[in-house]
Colleague: 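The structure follows.
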Amino acid sequence: MEDPVLYGVTGWPLAQSLSPLLHNTGFHALGLPAVYCRWEVPPPRLPAFVESVRLLHIRGCSVTIPHKAALAPLLDAVTPLARQVGAVNTLYWQGDALCGENTDAAGFLAPLAGLPLGQGDALLLGAGGAARAVAAGLTSLPEGQRPRRVYVATPSDRSHRALAEAFGLVPLQWAERHDLPALLVVNATPLGMRGKAEAETPYDFALAAAPLSGQKSGFYGEKAAQATPLAYDLVYNPLETRFLREARLAGRRCVSGLEMFYCQGDAQFRLWTGRALPSAARRALDAALGADARHKEAPCA
């Protein structure tokens, strides 16, 4: 019997990571001789870990906080997208070269495929690594499909300026975030995350300007009434955050961070194996987080 091919995830810490469940379920369901491990690596040991990847020829690795930004100088090559985002979340081999990719941007966009984002503006809350992936994803869409403008705001009213300049976003004062009639509102802050301000939200939908007026003079023109306002939370544990709960009550279509997590994992799996994650992997993820019938499988194709 052949030895299993090694894959895994590295970060510090990793106790809450669902990546091993996702990928091991995928390998098992497809009958692939592979195993996905969990490697907790403190930041000072990251260079030694990369050398271990080379020595053991580990075939692929997911990368999470706090290593995403520090990996690029340790690799043989980094994709243009990963350089633009400023973060590597996936290691893979191309011949003898150990390479870095970022699948977060593709993972973010996948649940939005086919939606009329071009009919309005987007509001991005937060300016960290996840927000950079969102900015890269939204600004990469073809004209007519991407939001007309992408605004970004942070509580400090300072930390978002570099992000706005890097991706051509419109900086917005935090106090003015509810005044913008945004078609899409994205939470890229940690607010709402289990164990980290779970009861908090960065946005009050009760105060939000109505995004759809249907008036020719309105923000979205005469086609505005066709679009459904959206709320997208990058947090996936808990599955329904306060941000999404209040958005749903306000009549918005909601996208959980679980969709982005699954789709970025699917992009990693395709990069490593050439195959999509099987439906069994999504079912395992749903079961682990207590997802119910309201949460359909993510359209990652």
Colleague: Could you check whether Glu143 pairs with Arg148 (Lys NZ or Arg NE/NH1/NH2 to Asp/Glu carboxylate O, under 4.0 Å)?
Modeller: no

Colleague: If we ignore hydrogens and angles and just use 3.5 Å, is the side chain of Asp121 paired with the main-chain N or O of Ala182 as donor and acceptor?
Modeller: no

Colleague: Using a 4.5 Å cut-off on heavy atoms from C-beta on, say whether the side chain of Val152 contacts that of Val170.
Modeller: no

Colleague: Regarding Asn187 and Asp233, is there a side-chain donor-to-acceptor distance under 3.5 Å anywhere?
Modeller: yes

Colleague: Suppose we call two aromatic rings close when their centres sit under 6.0 Å apart. Are Trp272 and Tyr92 close by that rule?
Modeller: no

Colleague: Heavy-atom distance under 4.5 Å between the side chains of Leu125 and Tyr151, does that happen here?
Modeller: no

Colleague: Can you tell me how far the CG atom of Leu258 sits from the CG atom of Leu234, to the nearest 0.5 Å?
Modeller: 12.0 Å

Colleague: Are Arg59 and His57 close enough that a side-chain donor and a side-chain acceptor fall under 3.5 Å?
Modeller: yes

Colleague: Taking atom types as modelled, find out whether Thr103 and Asn89 have a side-chain donor-acceptor pair closer than 3.5 angstrom.
Modeller: yes

Colleague: Do you reckon Leu271 sits in the same ILVMFWY cluster as Leu32, going by side-chain contacts under 4.5 Å, direct or chained?
Modeller: yes

Colleague: How long is the straight-line distance from CZ of Arg149 back to CG of Leu123, given to the nearest 0.5 Å?
Modeller: 12.5 Å

Colleague: Can you see which heavy atom on Met193 is nearest to which on Val235, and at what distance?
Modeller: CA-CG1, 3.7 Å

Colleague: Minimum heavy-atom separation for Glu259 and Pro111, please, with both atom names.
Modeller: CB-CG, 3.4 Å

Colleague: Which pair of non-hydrogen atoms, one from Ala34 and one from Tyr7, has the smallest distance, and what is that distance?
Modeller: CB-CE1, 3.8 Å

Colleague: Measure the CG-CD distance between Asp179 and Gln173 for me, rounded to the nearest 0.5 Å.
Modeller: 11.5 Å

Colleague: Are Phe269 and Val53 in one and the same hydrophobic cluster, where Ile, Leu, Val, Met, Phe, Trp and Tyr link if side-chain heavy atoms are under 4.5 Å apart?
Modeller: no

Colleague: Does Val9 form a side chain to side chain contact (heavy atoms under 4.5 Å, CB included) with Val63? I'd like the steps, not just the answer.
Modeller: CA-CA 6 Å; Val9 58; Val63 182; over 6 Å; no

Colleague: Considering only heavy atoms from C-beta outward, does the side chain of Cys37 approach that of Pro20 to under 4.5 Å?
Modeller: no

Colleague: Please report the C-alpha distance between Phe108 and Leu138 in whole Å, then the side-chain angles of each, then the deciding distance to 0.1 Å, and finally whether the side chain to side chain contact (heavy atoms under 4.5 Å, CB included) criterion is met.
Modeller: CA-CA 9 Å; Phe108 169 77; Leu138 289 176; 3.8 Å; yes

Colleague: Look at atom CD of Gln94 and say whether more than 12 heavy atoms of other residues, nucleotides or ligands are closer to it than 6.0 Å.
Modeller: no

Colleague: Donor-acceptor check, side chain of Arg177 to backbone of Asp204, threshold 3.5 angstrom: yes or no?
Modeller: no

Colleague: May I ask you to check whether over 12 heavy atoms, not counting those of Leu75, lie within 6.0 Å of atom CG?
Modeller: yes

Colleague: From Thr201 OG1 over to Leu191 CG, what is the distance, rounded to the nearest 0.5 angstrom?
Modeller: 7.0 Å

Colleague: If you look only at pairs with a residue in residues 61-72, which of them pass as a side-chain hydrogen bond (donor to acceptor under 3.5 Å, both in side chains), with sequence neighbours excluded?
Modeller: Tyr36-Ser62, Ser62-Gln268, Lys68-Asp104

Colleague: Are the aromatic ring centres of Tyr262 and Tyr236 under 6.0 angstrom apart?
Modeller: no

Colleague: For the CZ atom of Arg161 and the OG1 atom of Thr154, what is their distance to the nearest 0.5 Å?
Modeller: 8.5 Å

Colleague: For Leu98 versus Asp76, what's the shortest heavy-atom pair and its separation?
Modeller: N-OD2, 2.8 Å

Colleague: Please test Leu169 against Leu163 for side chain to side chain contact (heavy atoms under 4.5 Å, CB included), starting from the C-alpha separation and ending with a verdict.
Modeller: CA-CA 7 Å; Leu169 313 186; Leu163 178 65; 4.1 Å; yes

Colleague: Within this structure, what is the CD-CG distance for the pair Gln264 and Leu109, rounded to the nearest 0.5 Å?
Modeller: 13.0 Å

Colleague: To check you understand the geometry: which heavy-atom pair defines the closest contact between Ala227 and Leu183, and what is its length?
Modeller: CB-CD1, 3.7 Å

Colleague: I'd like to check Leu230 versus Val185 (side-chain heavy atoms, cut-off strictly below 4.5 Å). Are they in contact?
Modeller: no

Colleague: Would you say the side chain of Trp174 lies within less than 4.5 Å of the side chain of Asp157, judging by non-hydrogen atoms?
Modeller: yes

Colleague: Does Arg45 reach the main-chain N or O of Pro42 with its side chain, forming a donor-acceptor pair under 3.5 Å?
Modeller: no

Colleague: For side chain to side chain contact (heavy atoms under 4.5 Å, CB included), just list the numbers for Cys99 and Val88, CA-CA rounded to whole Å, side-chain angles, deciding distance to a tenth of an Å, and then say yes or no.
Modeller: CA-CA 9 Å; Cys99 305; Val88 169; over 6 Å; no

Colleague: Mind listing the closest non-hydrogen atom pair of Arg146 and Leu141 along with its distance?
Modeller: NH1-O, 2.8 Å

Colleague: If you group Ile, Leu, Val, Met, Phe, Trp and Tyr by side-chain heavy-atom gaps below 4.5 Å, do Leu115 and Tyr232 land in one group?
Modeller: yes

Colleague: Check whether any side-chain heavy atom of Leu239 sits under 4.5 Å from a side-chain heavy atom of Leu244, and report yes or no.
Modeller: no

Colleague: For the rings on His178 and Tyr203, is their centre-to-centre separation under 6.0 Å?
Modeller: yes

Colleague: Does some side-chain heavy atom of Cys61 sit less than 4.5 Å from a side-chain heavy atom of Thr10?
Modeller: yes

Colleague: Could you go step by step and tell me if Thr241 and Arg245 meet the side-chain hydrogen bond (donor to acceptor under 3.5 Å, both in side chains) rule?
Modeller: CA-CA 6 Å; Thr241 57; Arg245 186 167 56 253; over 6 Å; no

Colleague: Quick check: are there more than 12 heavy atoms from other residues, nucleotides or ligands sitting under 6.0 Å from CZ of Arg253?
Modeller: no

Colleague: May I ask you to decide if Leu14's main-chain N or O and Ser17's side chain share a donor-acceptor pair within less than 3.5 Å?
Modeller: no

Colleague: In plain terms, say whether Arg242 and Glu198 are close enough for a salt bridge, that is, a side-chain N and a carboxylate O under 4.0 Å apart.
Modeller: no

Colleague: Report yes if some heavy atom in the side chain of Arg275 is under 4.5 Å from a heavy atom in the side chain of Leu30; otherwise report no.
Modeller: yes

Colleague: Under 3.5 Å, is there a donor-acceptor pair between the side chain of Glu246 and the main chain of Phe243?
Modeller: no

Colleague: In terms of hydrophobic clusters joined by side-chain contacts under 4.5 Å, are Leu112 and Leu81 together?
Modeller: no

Colleague: Are Leu56 and Val41 co-members of a hydrophobic cluster defined by side-chain heavy atoms under 4.5 Å apart?
Modeller: yes

